[in-house]
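Worksheet: the structure to be examined is printed underneath.
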Number of protein chains: 2
Amino acid sequence: MDVSVKGEYALRAVFDLAGRDAPGPVKIADIAQRQEIPQKFLELILAQLKKGGFLESRRGADGGYFLAQPATEITIGAVLRHIEGSLSPGRKMYRNGSPENSPFPEFWNQVEQALSGVIDKTTFADLVERWREKNTHRAANWEI
Amino acid sequence: MDVSVKGEYALRAVFDLAGRDAPGPVKIADIAQRQEIPQKFLELILAQLKKGGFLESRRGADGGYFLAQPATEITIGAVLRHIEGSLSPGRKMYRNGSPENSPFPEFWNQVEQALSGVIDKTTFADLVERWREKNTHRAANWEI
DNA sequence: TTAATCTCTAGTAAGTTGATAGAGATTGTC
DNA sequence: GACAATCTCTATCAACTTACTAGAGATTAA
C-alpha cells in the first residue's frame, strides 16, 4: 500500500505546472531542479503524462511542457491511476475465480470508495490553492 | 498502492481462524488447503502474525494456531499494518526534510484518514458476520 | 518412542523500481 | 542554413523486493 517514487514525481511535476501563472511551456530541466527530480527520469514520466492526456509539449528552443487541461479538471486520482495502474488495494484477491462467497471483495470495494472520495475529488487547483494559503507572504517556488 | 499477496494471505488466514466455531488449534495444513495458500509460505506468515500478538500456537501432535484475541478486537488495519508495514501512501514524499511548505503532506494525511476509517473499523468478526449473512443456506468453507 | 506439528534459518528465481546513456527529431534564432 | 536548445525514443542496468522453497530442529500427544 504505497505510492511509488515515480508516482510522487508525477504528482509534483503536475503540481509544478499547475502553479505557474505565466503562460507558455516549462522546461523539463526547470521542473527537475525545482522539484528535485532526476531529469532523465522526469523526461520519461512527463512523456507518459502526455500520453495520458494530462500534458502537452512543444519541442525545440523555447519548448517545454504545459497542462493540457485546466488544473481544476485534473484530479490526483486520475494522474495516479495513469502512472501507477489500478489503485484498488485488493485487486489480486481471488483473481482466479475462487470463492465468490467471500467477504473480501465487498470489503476492498469499501476501501476503494473511501480512497476515491479523497483522491478523485482533489484537483491540482485545490493543491495550489492550499499551497498559496499557507504561503501568502513567503516567496513561491515557481516565482523564484 | 497495493496489498501484497502475503498481506492477502495473512488476512485470509486470520479470517479462517476467526470463522471457526469449535475451539482448539487449527493446523497450518488445513488453513493452507482451505485458503489455497502455499503451506511453507503460510508457515512464515503465521509465525509473523504470532509475533504481532494476533495468534497463538501449540506445537506437536494436535497442535496448530488459534486467535490470541477475540475476533471482535482484531481489525483488518492492525493485521495489514503488521504484515505490510506502514499503510501511509505518501510516506516517502519529502522524506529528506525537503519543502515544508508543500500541500502534499496534508493531502496524504487525508488519504490516510479515509483509509483508516474503513480498515481500522472493520474487525474479523464483522467479516465473518457478513460472510454468514451471505451464506446462511450454503455450507461454510470451514464446516467441510 | 514415534509421529505429527510448529519453528527457525537459508536460499533463490523472477519481477519491479529507479534510474542512466545516447542518438534522433523539432523548433526558434542568428 | 547552421546551430543550439529542447523534447523523444529505445536500450540497458544495478539494486531491491516478492513469493516462494528446502531442510533441519524443537515440542507435544499418544
Side-chain angles (χ1 to χ4, degrees), chain A residues 1-13 16-17 24-33 35-52 54-68 80 83-86 89 91-93 95-96, chain B residues 1-13 16-17 23-33 35-68 80 83-86 89 91-93 95-96:
Chain A
M1 200 89 96
D2 217 354
V3 169
S4 69
V5 169
K6 183 182 176 186
E8 296 167 8
Y9 288 166
L11 294 183
R12 289 205 250 165
D16 191 281
L17 292 174
V26 182
K27 288 171 196 121
I28 295 178
D30 290 348
I31 303 174
Q33 188 174 25
Q35 303 298 330
E36 303 178 56
I37 302 171
Q39 177 163 346
K40 283 306 251 180
F41 193 22
L42 180 58
E43 286 178 11
L44 303 179
I45 295 167
L46 292 175
Q48 194 175 343
L49 286 170
K50 183 183 177 182
K51 272 189 199 152
F54 301 105
L55 306 182
E56 286 181 24
S57 65
R58 210 160 61 200
R59 351 191 200 188
D62 228 25
Y65 277 93
F66 49 97
L67 297 185
L80 229 39
I83 296 290
E84 306 268 9
S86 162
R91 74 184 139 93
K92 294 206 211 76
M93 215 151 192
R95 58 205 174 292
N96 304 327
Chain B
M1 200 90 97
D2 218 356
V3 169
S4 69
V5 169
K6 183 182 176 186
E8 296 167 6
Y9 288 166
L11 294 183
R12 288 205 250 166
D16 191 281
L17 291 175
V26 182
K27 288 172 196 121
I28 295 178
D30 290 348
I31 302 175
Q33 187 172 26
Q35 303 298 330
E36 303 179 57
I37 302 172
Q39 177 162 348
K40 282 306 248 179
F41 194 22
L42 180 58
E43 286 177 12
L44 302 180
I45 295 167
L46 292 175
Q48 194 175 341
L49 286 169
K50 183 183 178 182
K51 271 189 199 152
F54 301 105
L55 306 182
E56 287 181 23
S57 64
R58 211 159 59 203
R59 354 190 200 188
D62 228 25
Y65 276 92
F66 49 98
L67 298 185
L80 229 37
I83 296 291
E84 306 267 8
S86 163
R91 73 184 138 93
K92 293 204 211 76
M93 214 150 191
R95 60 204 173 293
N96 305 327

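- When the P atom of D:dT21 is taken as reference, atom CD1 of B:Ile37 falls 13 Å away, rounded to whole Å.
- For the pair B:Asp30 CG and C:dT5 P, the computed distance is 8 Å after rounding to whole Å.
- Which of D:dC7, C:dG18, D:dA29 sits closest to the side chain of B:Ala61 comes down to D:dA29.
- Residues passing the salt bridge (Lys or Arg N to Asp or Glu O under 4.0 Å) test with A:Lys50: none are found, sequence neighbours excluded.
- Note: CG (B:Asp2) to C1' (D:dT17) measures 13 Å, nearest angstrom.
- Of the side-chain N and O atoms in B:Tyr9, one or more sit less than 4.0 angstrom from OP1 or OP2 of D:dC20.
- Minimum heavy-atom separation, B:Tyr9 to B:Ile45: CB-CD1, 3.7 Å.
- Counting heavy atoms of neighbouring residues, nucleotides and ligands inside a 6.0 Å radius, atom CD of B:Gln33 does not exceed 12 of them.
- Regarding B:Lys27, its NZ atom lies at a distance of 8 Å from the P atom of C:dC6, rounded to whole Å.
- Nearer to the 5' terminus of DNA chain C, by closest-nucleotide assignment, is the contact made by B:Gly64 (compared with the other of A:Gly60 and B:Gly64).
- Residues forming a salt bridge (Lys or Arg N to Asp or Glu O under 4.0 Å) with B:Lys40 (at least two apart in sequence, or on another chain): B:Glu43.
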Identify the pairs formed between an N or O of the protein and an N or O of nucleotides 7-13 of chain C at a distance under 3.5 Å, and give each distance.
unit_1	atom_1	unit_2	atom_2	d
C:dT7	OP1	B:Lys50	NZ	2.8
C:dT7	OP1	B:Ser57	OG	2.8
C:dT7	OP2	B:Tyr65	OH	2.2
C:dT7	O4'	B:Arg59	NH1	3.2

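- For A:Ile37 against A:Arg12, the heavy-atom pair with the smallest separation is CD1-CB, 4.5 Å.
- Here the P atom of nucleotide D:dT10 and the CD atom of A:Gln48 are 14 Å apart, to the nearest Å.
- Note: CD1 (A:Ile83) to P (C:dG18) measures 12 Å, nearest angstrom.
- Rounded to whole angstrom, the span from the CZ atom of B:Phe41 across to the P atom of C:dC6 amounts to 17 Å.
- For the pair A:Ile45 CD1 and C:dG18 C1', the interatomic distance rounds to 9 Å; values are reported in whole Å.
- Here the closest non-hydrogen pair linking A:Tyr65 and A:Leu17 is O-CD2, 3.6 Å.
- Taking every heavy atom of both residues into account, B:Ile28 and B:Leu42 meet most closely at O-CD2, 3.7 Å.
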